Amino acid sequence: MNPLPALMWRNLGIYHIYGANTDVGKTIFATALCRAASALYTGHQTSYLKPVSTGPEDEADARYRHQALLMQHVKRYAASVTAETLFQWDRACSPHLAAQESGQPVPSDDAVLAKITSHVSARASSPGWLFIETAGGVHSPGPSGTTQADLFAPLRAPVILVGDAKLGGISQTISAFESLKIRGYDVDMVLLLRSAEYDNHVYLREYFASGLTRLPVETLAPPPDRVEGDGDHARMESYYESATGEIVKSKILSRLEEKRKARMARLDSMAESASARIWYPFTQQKLLTPDKIAVIDSAHGDFFQILAPGSTSSVLQPAFDGSASWWTQGLGHGSSQLSLAAAYAAGRYGHVMFAGAIHEPALTLAETLLCRLNNPRLARVFYSDNGSTGCEVAIKMALRASRVRYGWEAREDLEVLGLRGSYHGDTIGAMDASEPNTFNSEVEWYKGKGYWFDYPTVECSGGEWTVDWPEAMKRDEERGNAKFAFLSDVFDLGSRSRGQDVEAYRRYIRGVLEGLKATGRKFGVLMLEPVALGAGGMILVDPLFQKTLVDVVRESPHLFGQDVASTTPSSSQSWSGLPVIFDEVFTGLYRLGRFSSASFLHTHPDISVHAKLLTGGLVPLCTTLASEAVFDAFASDRKTDALLHGHSYTAHAVGCLVAVESLGEMMRMEKAGAWDWAKLSGWTGGDERVQSAKDGDGIVWSVWSADFVGQISRNTAEVTGTWALGSVLVIKMRSKDEAAGYESNSAAKLQEFLWRGDGTPSFTVHSRVLGNVLYIMAGQKTSQETVEGIQKLILQALGT
């Protein structure tokens, strides 16, 4: 199902009417509001919608005993109103049971939302009001079993909450409000019937007037008791005349309208205000005009709801979050699962200091990572706040471990070994671990401290997977590029380790290291982004080269330490040569299809850094995992020898518990085969590896289909190369300007086309570019249908 715009039109005031419980008077308020809107806003269209209804429509022995009769009630007492039900089942019970027992196909959540959106769109051209009444309470199930609070959340319509006036109703009303608020609903008003017996409204008015809520609470007199005969209709007609007067007098509708218009005006002005007040990251704001700023009203699943200026239909339009919100988003925006975890931790702990203390979320997360990474070297977990600082912590750990083992002085000028184009973050220490580049070369404190190897890259070009050697290696080895039929063949390190490439790689790496040793330079760490370099240009590195680099470094302590005899590792799991850091901030935690990208290299790091997908895009958190041997380098009787690094919000309970929930959900998805459709979409080559794909055993796969990747790779007039792995798709555009790399504008045209869209599919794609490279990332819950829609859009853009 294609995503739908949230319910917001300039002409139409749309409100969801939720009830704190069943039998609280939702239909009474809906009827009274409809009558009042018709009376106050003459010439406007007023509509009532019941998306889901149960119970026989012809049962006439009650005023509103079943949901089906609610429609008849509205039509009877608000005759000028257009009223409609979308899904109706005869059995008077919860919609999920009625739908299951009807013998008809149960409509999906997407089908229900699509029908609501279609209904609204048909009425949005004329000014008016639309009241959408839910069934039962906030968490009453919809037809599929999804509770209404989750089912209707993507619509993002403001809510009128009908409170419970009965005994226990105060608790029910507050609980209902909190359930809606935690899912991102705007609750604009609380309405409830007056009860002289309990006066719930008195308490609720004071409760909702406090704090940040400032929520108005209004009441109506309760309807008269039912009487037999024609007199009942007259009594109810008189009641609604009085109720309409109460609504007019208390200005309920005008206040709702004022709030709606204020929201609209704020959205219309945000881009201009942001242009004048915000300093954006990674942006040359001299070139950023207000019309290029995306105004995001909300987000749900894989999609933003973005202001569509000048639109004659919905004010908002869905835009696929093509960068996974800077690589963090995994389980979808607005995940109630993660929101509840965050709320629980916030309510139970808030933030508590961590030095010399422990709490359950931090310990559980540490145990989960150590177990699931399945790395026998890793034994300790250090918490920080983001990937850059986590990498800086890792460098501190590694350099100390090398200094202690090799007996170097405290102020030795130690350097980092890495790969060209690698980038580990924007803090000064992390920047110094990368060669000069666009991100750091203009920073006044930057001093690149290392040597960065050139390396073979992997791309699909002209329908073939190519391992492209750097010119120096080609010249020395007198070899050409290697060609492979499938990406899985590139990652078959067992077979490739028996070939000629590995020895060529060894010769090249040894030669470089020996040359560096001869110059007297000292290195304290090997730091890699395993498999793929992120900010440096979305470069897929030959995994065999990275594995060989780790192997050679570990085999060559004589190239790093002065006293080799005293540097023998104490155990097979201790580091040798240099401590090896894997920066998995971008590549880890299922981003490339596996829990750890280290598994692609068939080797284990001594230190591993994880962030981004760790908390599913909800809150910042980073973990740096280290071996016991690295940890022991800081052991001393002096506090000054400790790892004196930390943050005020180290191991904050909210982030830790959200991470536990995020990792747990992705692990459950993997076990349940949630990505089998992608694993079997052409990546295995249709051979004996298909069964391995079903078993999830070491398969190389992507949600982007192999046929699609091959197709765009053959468009050599526009594309120089492409690759896809896990949720990541990278397209390298042929440069058509003098600038190269990050400073090129070659990918801007493709980015603009995706952002503009063409109506097929019915959404746009919000993406980021790295110069001539455009990348798109799906989430871990992105549907096959959505992926196929984006693929279609890309093919249209490339004319392929």
Side-chain angles (χ1 to χ4, degrees), residues 13 15-50 60 62-65 67 69-83 128-134 159-167 169 173 188-205 208 215-259:
Y15 294 91
H16 240 125
I17 300 179
Y18 269 102
N21 205 342
T22 58
D23 194 27
V24 294
K26 291 193 304 297
T27 303
I28 292 170
F29 278 103
T31 305
L33 288 167
C34 285
R35 285 178 63 123
S38 297
L40 282 172
Y41 297 86
T42 57
H44 288 197
Q45 176 180 296
T46 301
S47 302
Y48 168 88
L49 178 65
K50 185 79 173 177
R63 187 183 284 166
Y64 27 72
R65 179 180 297 173
Q67 292 178 42
L69 299 178
L70 305 182
M71 178 63 65
Q72 304 304 322
H73 185 89
V74 174
K75 288 180 177 179
R76 189 173 193 186
Y77 295 107
S80 63
V81 170
T82 301
W129 295 76
L130 172 62
F131 299 100
I132 305 172
E133 183 184 342
T134 60
V159 168
I160 298 169
L161 176 62
V162 178
D164 191 339
K166 302 186 294 296
L167 181 65
T173 304
D188 280 3
M189 189 171 288
V190 175
L191 304 177
L192 73 164
L193 300 172
R194 291 191 291 273
S195 168
E197 186 176 2
Y198 301 115
D199 278 346
N200 289 358
H201 64 282
V202 176
Y203 180 91
L204 291 171
R205 184 169 285 150
F208 284 118
L215 192 61
V217 177
E218 298 295 341
T219 65
L220 285 182
D225 292 335
R226 186 175 184 275
V227 297
E228 297 296 331
D230 295 337
D232 186 66
H233 174 69
R235 285 160 61 88
M236 286 303 297
E237 186 64 37
S238 176
Y239 168 76
Y240 278 120
E241 280 294 326
S242 176
T244 298
E246 284 195 69
I247 289 174
V248 172
K249 183 178 180 181
S250 59
K251 299 182 178 180
I252 289 174
L253 291 175
S254 60
R255 282 188 285 167
L256 290 173
E257 180 72 353
E258 286 172 8
K259 196 161 188 177

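Atom set for the values below is all heavy atoms of this structure, side chains included, hydrogens, waters and symmetry mates excluded. Predicted model only: the values in this text are computed from it and were never measured.
Side-chain rings of H73 and Y240 approach one another, their centers coming within less than 6.0 Å.
Interatomic distance, CG of D188 versus CD1 of I160, reported as 7.5 Å (0.5 Å rounding). In this structure, T134 OG1 and K50 NZ are separated by 6.5 Å, a value rounded to the nearest 0.5 Å. In this structure, CG in L130 is found 9.0 Å from NE2 in H16, a value given to the nearest 0.5 Å. Here L40 contributes atom CG and I252 contributes atom CD1; the two are 11.0 Å apart, rounded to the nearest 0.5 Å.
Looking only at atom types and distance, the side chain of T82 has no donor-acceptor partner in the side chain of Q45 under 3.5 Å away.
Between M236 and P223, some side-chain heavy-atom pair lies under the 4.5 Å cut-off. Looking only at side-chain heavy atoms (C-beta outward), M189 and K259 stay at 4.5 Å or farther from each other.
Each of L220, L161, T219 was compared with L192 under the side-chain contact (heavy atoms from CB on, under 4.5 Å) criterion, and only T219 meets it.
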task: Apply side chain to side chain contact (heavy atoms under 4.5 Å, CB included) to T173 and F208, showing your working.
output: CA-CA 11 Å; T173 304; F208 284 118; 4.3 Å; yes
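Legend: residues meeting side chain to side chain contact (heavy atoms under 4.5 Å, CB included) with E237, ordered by chain and number and at least two apart, are R35, Y77, H233, E241. In this view, H201 satisfies the ring-ring contact (aromatic ring centres under 6.0 Å, His included) rule with no residue, not counting sequence neighbours.
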